[in-house]
Asker: 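Before I ask anything, here is the structure I am working with.
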Amino acid sequence: MEELINITFPDGAVRQYQKGSSAIDIAKKISEGLARKVLAADVNGVTWDATRPINNDTSIKFLTWDDINGKSTFWHSSAHLMAEAIQSMFPGVKFWVGPPLENGFYYDVDLGENVIAEEDLKKLEIKMTELARQNNNYVRKEISKKDAVQYFADKGDEYKLDLLGGLNDGEITLYSQGSFTDLCRGPHIPATGIIKAVKLTAIAGAYWKGNENNKMLTRIYGVTFPTQKELDEYLVLLEEAKKRDHRKLGKELELFTFSEKVGMGLPLWLPNGTMLRERLQQFLQKAQTEAGYLPVITPHIGHKNLYVTSGHFEKYGKDSFQPIKTPQEGEEFFLKPMNCPHHCEIYKSSPRSYKDLPLRFSEFGTVYRYEQHGELHGLTRVRGFTQDDAHLFCMPSQVKDEFKKVIDLVFYVLKSLGFTDYTAQISLRDKIDRSKYIGSDENWEVSEKAIIEASAEKGLKTVIEYGEAAFYGPKLDFMLRDAIGRKWQLGTIQVDYNLPERFELTYIGEDNARHTPVMIHRAPFGSLERFVALLIEHCAGKFPLWLTPVQVKILPISEKFLPYAENVLNALKIADIRAVIDDRNEKIGKKIRDTELAKIPYMLVIGEKEVQNENIAIRRQGKGDLGTKSMAEFIAMVNEEVENKRAFE
RNA sequence: GCCAGUGUAGCUCAGUUGGCCAGAGCAGCUGAUUUGUAAUCAGCUGGUCGGGGGUUCGAAUCCCUCCACUGGCUCCA
């Protein structure tokens with residue numbers, strides 16, 4: 001007699017199926033097409049193998065390639081497939097872990113004496129495709145801890161034994177496909193044949209358990225897809241990302257450079273880059289002035305004692321540049337790694353009343369940190385950079401309001417720069433372990449609540465992460481997606497109880513008693529270097545008109561029209577439009593081509609006709625000839641575009 | 001710092017079974033041309049082949065070492 005179970009679908013429908021049916025069995029009853037797409041199933045909120053029998057009443061959701069969990073299952077299984085290929089190529093290697101990532105997967109392998117090079121990846125890909133074609137099933141097997149230990153001890157696999165050490169009997173499973181068996185929680189896709197396209201992307205070293213004192217394993221990164229077409233699209237996206245690389249564009253557009261002689265990780269801003277950066281700075285400065293910020297300037301070095309007081313010396317001393325010594329015995333200065341200690345001293349320079357608060361000190365402060373060689377990367381990871389920093393000193397009761405104002409400012413910045421796709425993460429204290437945090441429980445609760453409420457009231461999409469707060473306070477970080485969907489970590493707003501205490505900052509309250517203010521760090525851009533890098537990649541070097549270094553290039557057809565070109569240039573200068581003349585002895589086609597490649601938004605072609613008609617022929621970068629207009633019309637057009645901060649396209 | 005890879009002119013790149021004075025295009029300079037919407041022609045300049053050491057009759061090419069750059073390095077089965 002058949003036993004039946006009740007299965008609840010996402011739409012609320014409940015249907016009965018034979019006990020022991022798998023998600024695939026159930027999907028097949030609905031349609032063969034669906035069954036082919038099912039990679040895994042969400043069973044009562046847990047991701048399961050699509051082939052695993054279901055014995056109880058449950059809710060179920062089929063997971064396909066379109067679900068994040070479907071993708072990760074697919075990539076996790078792909079990691080196993082890659083492991084099988086590696087094993088066949090290098091028998092006897094040992095495996096650590098092979099998790100899925102946001103965009104693919106990796107596996108950490110101890111290759112023993114073997115060395116794998118980039119050209120081996122091709123061979124591995126071919127092997128993986130071969131194994132995938134065998135269409136072997138991924139088979140789940142529950143095993144007792146004792147048997148599992150026995151199994152891996154026999155194999156001499158210390159890595160899996162290490163993992164087993166942390167697992168309880170009764171929750172241990174093995175997964176096999178083809179000739180490969182792995183200790184694995186699963187779940188996995190039904191069979192290897194679903195993996196149709198394979199690309200191994202990188203090979204890297206990774207310390208075992210991420211600890212640099214441990215042995216270095218070889219990490220192989222890859223990505224797989226259910227169709228070749230999707231892989232091709234992915235590769236096109238990678239190409240697109242390459243074209244947008246800020247290091248490449250920075251060189252081509254003459255924005256910045258690096259010099260070995262100056263020192264690595266120390267960017268040199270060229271005139272074009274400087275104009276862009278200063279424009280961003282002016283833009284934010286104006287917004288901040290309107291929001292009640294007060295500008296301050298502090299020096300590039302500070303006495304060692306300053307950083308001892310702030311705690312930065314203890315925490316970051318070894319990651320700093322070596323101290324600067326003076327003829328004075330025992331005196332040491334450090335390049336400033338942060339602006340906050342200086343700002344705290346500015347706060348202290350005068351007695352403060354509750355009537356002065358909130359007090360908002362802002363500074364585009366350049367800081368220096370010693371990043372390890374391998375960490376350096378273009379403008380995004382450097383040793384000297386400028387933060388769009390500000391420190392808000394306020395009463396605990398003002399935290400929420402200040403957060404709302406900062407969120408407004410960030411919204412304004414993002415909108416002005418054409419970023420529409422962003423989220424935020426609220427980082428709070430660990431729910432249980434509170435020993436590592438400084439500051440009173442009461443203050444923490446007030447601030448955490450303030451951040452959550454401020455974000456909600458501003459309609460910000462947020463994710464709350466417990467245990468991610470800094471030891472000195474909770475924070476709100478902005479994450480945004482650029483034009484081709486890549487995620488960037490942007491500015492941050494952080495509450496800090498630590499520094500006001502360390503610097504013994506106070507204000508006189510309404511009650512005529514001394515109180516400690518709360519400090520809020522905030523940087524909408526994060527750093528100008530990083531933000532410019534993001535902006536370059538977001539708009540592929542085609543900056544919006546209001547930011548671009550050169551807005552207009554005047555292209556005379558021949559030297560004969562230079563005088564008229566000068567007139568045009570003067571008119572533009574008076575109108576505050578950034579323009580230059582291409583007075584080279586070149587043909588117009590050449591001038592246009594060079595200007596197009598330099599991504600300068602507007603070209604004004606000037607020849608006999610324009611001189612005669614007292615107008616200009618306008619050409620837009622990437623769009624071609626726009627016809628003729630009078631100077632007044634053109635200036636109005638440019639001004640409108642600048643005022644509305646239009647994105648380039 | 002560690003793993004893997006790369007390093008030839010300002011830029012993009014040829015050249016490696018070790019062998020004439022190391023090449024091209026672009027950029028730059030000089031001259032000719034005075035030009036109508038993505039490259040006018042000609043000539044010239046420019047490199048201790050990342051630095052140092054070694055092997056060799058001979059090294060851009062092979063070995064060692066240092067430097068810089070690129071992709072990674074706490075997403076625990």
Side-chain angles (χ1 to χ4, degrees), chain A residues 72 75-76 79-80 83 95-108 111 115-121 148 152 157 159-167 171-175 182-188 201-221 242 245 247-248 251-252 254 257-261 263-265 319 370-378 555-562 584-598 603-610 617-627:
Chain A
S72 21
W75 281 327
H76 186 188
H80 279 230
F95 296 92
W96 171 232
V97 296
L101 303 169
E102 199 179 322
N103 250 316
F105 57 88
Y106 69 79
Y107 217 120
D108 280 348
L111 289 171
V115 176
I116 192 165
E118 307 262 346
E119 57 261 32
D120 295 321
L121 293 183
F152 287 106
D157 191 333
Y159 298 103
K160 297 298 172 184
L161 286 173
D162 183 89
L163 286 170
L164 276 168
L167 300 176
E171 61 179 27
I172 295 167
T173 50
L174 298 181
Y175 275 83
D182 201 359
L183 174 69
C184 183
R185 170 173 44 199
H188 283 283
T201 47
I203 173 166
Y207 297 108
W208 184 44
K209 296 189 182 182
N211 183 333
E212 59 185 323
N213 298 316
N214 285 343
K215 183 169 183 178
M216 179 158 281
L217 306 176
T218 303
R219 175 172 297 181
I220 302 171
Y221 286 88
K242 236 187 200 163
D245 191 313
R247 292 165 303 182
K248 180 173 173 284
K251 196 178 270 181
E252 283 172 11
E254 297 180 5
T257 186
F258 289 91
S259 148
E260 255 185 66
K261 230 171 194 160
M264 47 208 219
D319 301 323
Y370 183 82
E371 302 284 355
Q372 294 193 95
H373 296 180
E375 302 270 7
L376 301 173
H377 178 93
L555 311 178
I557 302 271
S558 87
E559 281 170 13
K560 285 192 285 194
F561 312 110
L562 263 178
R584 294 177 305 168
N585 186 358
E586 290 290 351
K587 295 179 87 167
I588 193 66
K590 169 73 166 166
K591 292 185 182 182
I592 286 171
R593 179 180 157 79
D594 288 348
T595 314
E596 288 278 348
L597 292 176
M603 284 154 265
L604 301 182
V605 177
I606 282 166
E608 189 64 46
K609 283 184 285 188
E610 287 71 28
I618 303 165
R619 189 187 159 95
R620 177 90 205 199
Q621 201 273 354
K623 297 226 169 87
D625 197 345
L626 300 187

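Naming convention: chains lettered A, B, ... in sequence-line order (proteins, then strands); numbering from 1 in each chain. This structure is a prediction, so every number in the text was calculated from the model and none was measured.
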Asker: Please give the distance between the P atoms of B:A59 and B:G19 as a whole number of Å.
Answerer: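 One P to the other, the span is 11 Å.
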Asker: At 4.0 Å (heavy atoms only), tell me whether A:Ala204 reaches a base, stays on the sugar-phosphate, or touches nothing.
Answerer: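 Touches a base.
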Asker: Using purine N1 to pyrimidine N3 plus N6-O4 or O6-N4 for Watson-Crick, or N1-O2 and O6-N3 for G-U wobble, each under 3.5 Å, what pairs with B:C62?
Answerer: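 Pairing partner, where one exists within any strand: B:G54.
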Asker: Is any side-chain heavy atom of A:Leu163 closer than 4.5 Å to a side-chain heavy atom of A:Phe152?
Answerer: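 No, too far: nothing below the 4.5 Å cut-off.
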Asker: When the C1' atoms of B:G47 and B:C21 are considered, how many whole Å apart are they?
Answerer: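 To the nearest whole Å, 14 Å.
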Asker: When you compare B:A38 with B:C44, how far apart are their C1' atoms, in angstrom units rounded to a whole number?
Answerer: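 It comes out at 28 Å once rounded to the nearest Å.
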Asker: Report the distance from atom CG of A:Asp245 to atom C1' of B:C69, rounded to the nearest whole Å.
Answerer: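 Rounded to the whole Å, the gap is 12 Å.
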Asker: Ring-plane angle category for A:His188 and A:His76, please: parallel below 30°, perpendicular beyond 60°, tilted otherwise.
Answerer: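 Tilted, since the angle between the ring planes falls between 30° and 60°.
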Asker: A:Trp208 and side chain to side chain contact (heavy atoms under 4.5 Å, CB included): which single residue from A:Asp162, A:Val97, A:Asp108 fits?
Answerer: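 It is A:Asp162; the other options fail the test.
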Asker: Can you tell me how far apart NE2 (A:His80) and CG (A:Asp182) are? Round to the nearest 0.5 Å.
Answerer: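 Result: 4.5 Å between the selected atoms.
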Asker: Rounded to whole angstrom units, what separation is found between the CG atom of A:Leu376 and the P atom of B:C69?
Answerer: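 So the two atoms are 6 Å apart, to the nearest Å.
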Asker: Between A:Lys215 (NZ) and B:C73 (P), how many Å, whole number?
Answerer: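 After rounding, the gap between these two atoms is 20 Å.
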Asker: B:U8 and B:U70: how far apart are their P atoms, nearest whole angstrom?
Answerer: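 Taking atom P in both B:U8 and B:U70, they lie 14 Å apart.
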Asker: Within a strict 4.5 Å, meaning less than it, do heavy atoms of the A:Leu164 and A:Leu161 side chains meet?
Answerer: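 Yes, side chains in contact.
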Asker: Could you please name the partner base of B:U17, counting Watson-Crick and G-U wobble pairs only when both distances are under 3.5 Å?
Answerer: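 Result: none.
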Asker: For B:A77 and B:A60, measure between their C1' atoms and round to the nearest Å.
Answerer: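 Straight-line distance between the two C1' atoms is 49 Å.
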Asker: Quote, to the nearest angstrom, the C1' distance that separates B:G50 from B:C69.
Answerer: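 Going atom to atom, C1' in each nucleotide, I get 10 Å.
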Asker: Please state how far atom CG in A:Leu121 lies from atom C1' in B:G72, giving the value in whole angstrom units.
Answerer: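 Taking CG of A:Leu121 and C1' of B:G72, I get 13 Å after rounding.
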Asker: Got a list of protein N/O to nucleotides 75-77 of chain B N/O distances below 3.5 Å?
Answerer:
| from | atom 1 | to | atom 2 | distance (Å) |
| --- | --- | --- | --- | --- |
| B:A77 | OP1 | A:Arg185 | NH2 | 3.2 |
| B:A77 | OP2 | A:Arg185 | NH1 | 3.3 |
| B:A77 | OP2 | A:Arg185 | NH2 | 2.2 |
| B:A77 | O2' | A:Leu183 | O | 2.3 |
| B:A77 | O2' | A:Cys184 | N | 3.2 |
| B:A77 | N6 | A:Glu171 | O | 3.4 |
| B:A77 | N3 | A:Cys184 | N | 3.1 |

Asker: Is the backbone of A:Arg584 close enough, under 3.5 Å, to the side chain of A:Lys591 for a donor and an acceptor to pair up by distance?
Answerer: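 Between the backbone of A:Arg584 and the side chain of A:Lys591 there is a qualifying donor-acceptor contact (under 3.5 Å).
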Asker: Considering every strand shown, what is the Watson-Crick or G-U wobble mate of B:A42 when both distances are under 3.5 Å?
Answerer: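 Partner of B:A42: B:U30.
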Asker: Using whole Å, what does the distance between atom P of nucleotide B:G28 and atom CD of A:Glu254 come to?
Answerer: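 One finds 11 Å between P of B:G28 and CD of A:Glu254, rounded.
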Asker: If I take atom CD in residue A:Glu375 and atom P in nucleotide B:C69, what distance separates them, rounded to the nearest angstrom?
Answerer: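 Taking atom P of B:C69 as the reference, CD of A:Glu375 is at 13 Å.
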Asker: Working to the nearest 0.5 angstrom, can you tell me the gap between A:Trp96 CH2 and A:Lys209 NZ?
Answerer: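 Between A:Trp96 CH2 and A:Lys209 NZ, I get 5.0 Å after rounding to 0.5 Å.
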Asker: Whole angstroms only, please: what is the NE2-C1' distance between A:His377 and B:C73?
Answerer: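 Between C1' of B:C73 and NE2 of A:His377: 15 Å.
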Asker: Using side-chain heavy atoms (C-beta onward) and a distance below 4.5 Å, is A:Leu183 in contact with A:Leu174?
Answerer: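 Yes. Closest side-chain heavy atoms under 4.5 Å.
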Asker: Roughly how many Å apart are B:U17 and B:G36, using the P atom of each and rounding to a whole number?
Answerer: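 My reading of the P atoms in B:G36 and B:U17 gives 49 Å.
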Asker: What is the separation between atom NZ on A:Lys261 and atom P on B:A68, rounded to the nearest whole Å?
Answerer: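 Taking NZ of A:Lys261 and P of B:A68, I get 15 Å after rounding.
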Asker: Can you tell me the pairing partner of B:U35 across any strand shown, Watson-Crick or G-U wobble, with both distances under 3.5 angstrom?
Answerer: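 Base partner found: none.
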Asker: Paired with B:C2: which nucleotide, if any, by Watson-Crick or G-U wobble criteria at under 3.5 Å for both distances?
Answerer: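 Base-paired to B:G72.
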Asker: Is the backbone of A:Gln621 close enough, under 3.5 Å, to the side chain of A:Glu596 for a donor and an acceptor to pair up by distance?
Answerer: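 Absent.
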Asker: Could you tell me whether A:Met264 contacts a base, only the sugar-phosphate backbone, or nothing, with contacts defined as non-hydrogen atoms closer than 4.0 Å?
Answerer: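 Touches sugar-phosphate only.
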Asker: Mark yes or no for a side-chain to base donor-acceptor pair under 3.5 Å between A:Tyr207 and B:G1, with no hydrogen or angle criteria applied.
Answerer: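 Side chain to base: pair present.
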Asker: Sticking with atom C1', work out how far B:G7 lies from B:G15, rounded to a whole angstrom.
Answerer: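 Straight-line distance between the two C1' atoms is 15 Å.
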Asker: Apply side-chain contact (heavy atoms from CB on, under 4.5 Å) to A:Glu171 and A:Arg185, showing your working.
Answerer: CA-CA 8 Å; A:Glu171 61 179 27; A:Arg185 170 173 44 199; over 6 Å; no
Asker: Strictly under 3.5 Å: I want the nitrogen or oxygen pairs between protein and nucleotides 36-41 of chain B, one per line.
Answerer:
| from | atom 1 | to | atom 2 | distance (Å) |
| --- | --- | --- | --- | --- |
| B:G36 | O6 | A:Glu608 | N | 2.5 |
| B:G36 | O6 | A:Lys609 | N | 2.8 |
| B:G36 | N1 | A:Glu610 | OE1 | 2.8 |
| B:G36 | N2 | A:Glu610 | OE1 | 3.3 |
| B:G36 | N2 | A:Glu610 | OE2 | 2.6 |
| B:U37 | O2' | A:Arg619 | NH1 | 3.1 |
| B:U37 | O2 | A:Arg619 | NH1 | 3.2 |
| B:A38 | N7 | A:Arg619 | NH2 | 3.2 |
| B:A38 | N6 | A:Glu596 | OE1 | 3.0 |
| B:A39 | N7 | A:Arg593 | NE | 3.1 |
| B:A39 | N7 | A:Arg593 | NH1 | 3.3 |
| B:A39 | N7 | A:Arg593 | NH2 | 3.4 |
| B:A39 | N6 | A:Arg593 | NH2 | 2.5 |

Asker: Should B:G25 form a Watson-Crick or G-U wobble pair with both distances under 3.5 Å, which nucleotide is its partner?
Answerer: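 Matched B:G25 with B:C11 under the 3.5 Å cut-off.
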Asker: Taking A:Lys215 for its side chain and A:Tyr207 for its backbone only, find out whether a donor-acceptor pair lies under 3.5 Å.
Answerer: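 Checked: no pair found.
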